[in-house]
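Order of appearance sets the numbers: ligands from 1, and atoms from 1 within every ligand. For reference, positions follow the sequence shown, starting with 1. Note that the coordinates shown come from a computational prediction; the quantities given were computed from them, not determined experimentally.
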Amino acid sequence: MTFPNHTVEKIGGTSMSRVADLRDSLFIGDRKGAELYHRVFVVSAFGGITNLLLEHKKSGTPGVYALFANDESGHDWLDGLTRVADAMRAAHAKVLDHPADLTAADEFVRERIEGARSCLFDLRRLCSYGHFRLSAHMMVIRELLSGLGEAHSAFVTTLMLQRSGVNARFVDLSGWRDETEHDLEERIRDGLDRVDLTSELPIVTGYAQCREGLMREFDRGYSEVTFSTIAALTGASEAIIHKEFHLSSADPNLVGEQAVRKLGHTNYDVADQLSNLGMEAIHPKAAKILRKAGIPLRVTNAFEPGDPGTLIDEAPGEVPGVEIVTGLDAYALSLFEQDMVGVKGYDQSVLEVLTRHKVHIVSKATNANTITHYLAAPLKPVRRSERDLAERYPGSEVTVQGLALVAAIGRDLSGLTVAQAGLAALQSAQITPLAVQHLPGSVDVQFIVPKDDRDAAIKALHRALIEQRKAEPHAPIQLHAGAEEQATPLSQTG
Ligand SMILES: Nc1ncnc2c1ncn2[C@@H]1O[C@H](COP(=O)(O)OP(=O)(O)O)[C@@H](O)[C@H]1O
Ligand SMILES: N[C@@H](CC(=O)OP(=O)(O)O)C(=O)O
């Protein structure tokens, strides 16, 4: 497999839902002839489709997979598949306008969804014979379902581009009706083997079926792993992730597009913290693949193709500064046990329980007799973890509290007194923090606040640590008086 000088570019689900807008900018724009090519596009499913196929990424609302896995839900999964088909048809109806393309896309959805339906149906029937256990096949089912979303979006994008005269090629790595077995690298090589990058534009599925199991290894956000593996394998000159907005100092939808600023340059350490807090600049495993291959990563605004966006590399910050404020809802699971003082092993038991229930740990804190884990997970597995811990330590007090964790992040926070300035900002916004955490030398300071204050806390911290520092971003942050006097009332912000 040899490739000319090329880039590998990924489009996430939110931007895919507006892929028709990208046709005349990102894909075609002013490009003519050979300039259209030398690029590999890796696409996610249209926004919301994977949530319907598996489960909602944030709320945990069951999709087809979760309904199928849950015996009690009877045949609800069949309705779930119908909902997926409807959502897929609605998504491609917004992208395609030629009747022949619409027919081809409708037919594609029908073939894949009905294929999956009979496959799952047969499996259910087979497993009613006792010798076959459904539980042994759940991971394969998850893989099969995930692939449907990306196969659909890649197929539709290919149709759209071909209709505009681009020599686009649908590269389906989802393994649909493919009897050969491959690991991830082989699957990619096999898919791209006969593609001529100088005259073809491959539109590759973000899901890749492989022996190791993309979902099993990487779970949600897996399309970035496919993307970075392709970039590494083909020796791309650059790996580019196209998003709905520039990677900004806070969520533009929350703080306002006018108030935020583009990061421009940051490093993988910051990107890791962002993924941990659910603001996925890039899947941490994908970042590792690119880092190892020495391929520069760029995060751009898909809708501003002329802008270079944000470069992510290994470089430390040039000057100290808070770069981004982000936050998420979390549960604090606390184990209070008087006998803990000086005894080891409690932490390990908590970790065992959290691992068993597949709960994501965002952060933790501990003192003489209490261990608190801040968890990002649906309530159900958190409650199960609480119950297991209470059984394991009957004399202890185990509690769960819903709250929010808001973090100020920057490559270099030295000398900025971010914790103090953040507390002052929260105080002026009349928010009482429940806890503050900062590891020495780390790139983030975390403020734990009441759940209902999450968005207000992000706005207040962004204003004090970033907006008000535009003029002199690297001076130590003003404490109390400054923060209080300059603060704009919250109601005036976006
Ligand atoms: N700091 C940030 N910069 C840019 N977008 C952000 C930020 N924090 C949160 N977001 C939100 O992330 C959402 C999804 O972004 P995007 O990465 O494009 O999703 P996807 O992975 O589906 O492509 C955007 O709609 C935006 O509101
Ligand atoms: N659609 C898949 C794969 C993916 O990576 O999507 P996104 O790029 O939209 O996070 C998911 O939701 O997990």
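For atom 1 (N) of ligand 2, the nearest non-hydrogen atom of the protein is Thr50 OG1, 2.6 Å. The protein non-hydrogen atom at the shortest distance from atom 26 (C) of ligand 1 is Asp251 OD1, 3.3 Å. In this structure, the protein non-hydrogen atom closest to atom 23 (O) of ligand 1 is Gly12 CA, 3.0 Å. The closest protein non-hydrogen atom to atom 11 (C) of ligand 2 is Arg220 NE, 3.4 Å. Shortest contact from atom 21 (O) of ligand 1 to any protein heavy atom: Lys243 NZ, 3.9 Å. Ranking protein heavy atoms by distance to atom 12 (O) of ligand 1, first place goes to Met279 CE, 4.7 Å. The protein atom (non-hydrogen) at minimum distance from atom 4 (C) of ligand 2 is Ser223 OG, 3.1 Å. Scanning all protein heavy atoms for the shortest distance to atom 13 (C) of ligand 1 gives Glu244 OE1, 4.2 Å. Closest to atom 3 (N) of ligand 1, if we only count protein heavy atoms, is Ser248 N, 3.0 Å. Protein heavy atom in closest approach to atom 7 (P) of ligand 2: Ser44 OG, 3.4 Å. Among protein heavy atoms, atom 15 (O) of ligand 1 sits closest to Thr14 OG1, 4.2 Å.
For the pairing with Arg211, the salt bridge (charged side-chain N to carboxylate O under 4.0 Å, His left out) check across Glu217, Glu143, Glu186 returns one residue only, Glu186.
Neither the backbone nor the side chain of Tyr207 has any atom closer than 4.0 Å to an atom of ligand 2 (non-hydrogen atoms only). Only the side chain of Pro252 comes within 4.0 Å of ligand 1, counting heavy atoms alone; its backbone N, CA, C and O stay farther away. Contacts with ligand 1 closer than 4.0 Å are made by backbone heavy atoms (N, CA, C, O) of His246 only, the side chain lying farther away.
Residue-ligand proximity, Lys57 to ligand 2, at heavy-atom distances under 4.0 Å covers atoms 10 (O). For ligand 2 and Gly13, the ligand atoms under 4.0 Å from any heavy atom of the residue are 9 (O). The atoms of ligand 2 that sit less than 4.0 Å from any heavy atom of Glu150 are 1 (N), 2 (C), 3 (C). Short contacts between ligand 1 and Gly13, defined as distances under 4.0 Å to a heavy atom of the residue, involve ligand atoms 20 (P), 22 (O), 23 (O). Close approach of ligand 1 to Ile324 (heavy-atom distance below 4.0 Å) involves ligand atoms 1 (N). Of all atoms in ligand 2, numbered sequentially from 1 with element shown, those under 4.0 Å from a heavy atom of Gly221 are 4 (C), 5 (O), 11 (C), 13 (O).
With no hydrogens or angles considered, a side-chain donor-acceptor pair links Tyr222 and Glu150 at under 3.5 Å. In this model, no donor atom of one side chain and acceptor atom of the other lie less than 3.5 Å apart for His242 and Asn301. A donor-acceptor pair shorter than 3.5 Å can be found between the side chains of His462 and Ser249. No hydrogens or angles considered: nothing links the side chains of Glu185 and Thr229 as a donor-acceptor pair under 3.5 Å. Residues Gln446 and His438 bring no donor and acceptor atom of their side chains to less than 3.5 Å of each other. Between the side chains of Ser174 and Gln209, no donor-acceptor pair is found at a separation under 3.5 Å. Side chain to side chain, His265 and Glu318 meet the donor-acceptor criterion of an N or O pair below 3.5 Å.
Shown here, atom 1 (N) of ligand 1 is in close reach of the protein: a heavy atom of it lies under 4.0 Å off.
Every N/O-N/O distance between Thr14 and ligand 2 stays at or above 3.5 Å. Geometrically, ligand 2 and Glu224 share no nitrogen or oxygen pair separated by less than 3.5 Å.
Classification of Glu9 and Arg298 as a salt-bridged pair fails, no side-chain N sitting under 4.0 Å from a carboxylate O. In this structure, Asp178 pairs ionically with Arg187, as a charged nitrogen and a carboxylate oxygen lie closer than 4.0 Å. Under the 4.0 Å criterion applied to side-chain N and carboxylate O atoms, Asp86 and Arg89 are assigned as salt-bridge partners. Under a 4.0 Å N-O distance rule, the pair Asp313/Arg291 does not qualify as a salt bridge.
Under a 3.5 Å cut-off, the side chain of His360 and the backbone N or O of Asn276 do form a donor-acceptor pair.
Ring geometry, Phe27 versus Phe41: the interplanar angle falls from 30° to 60°, so the pair is classed tilted.
Contact annotation: Lys10 has at least one heavy atom less than 4.0 Å from an atom of ligand 2.
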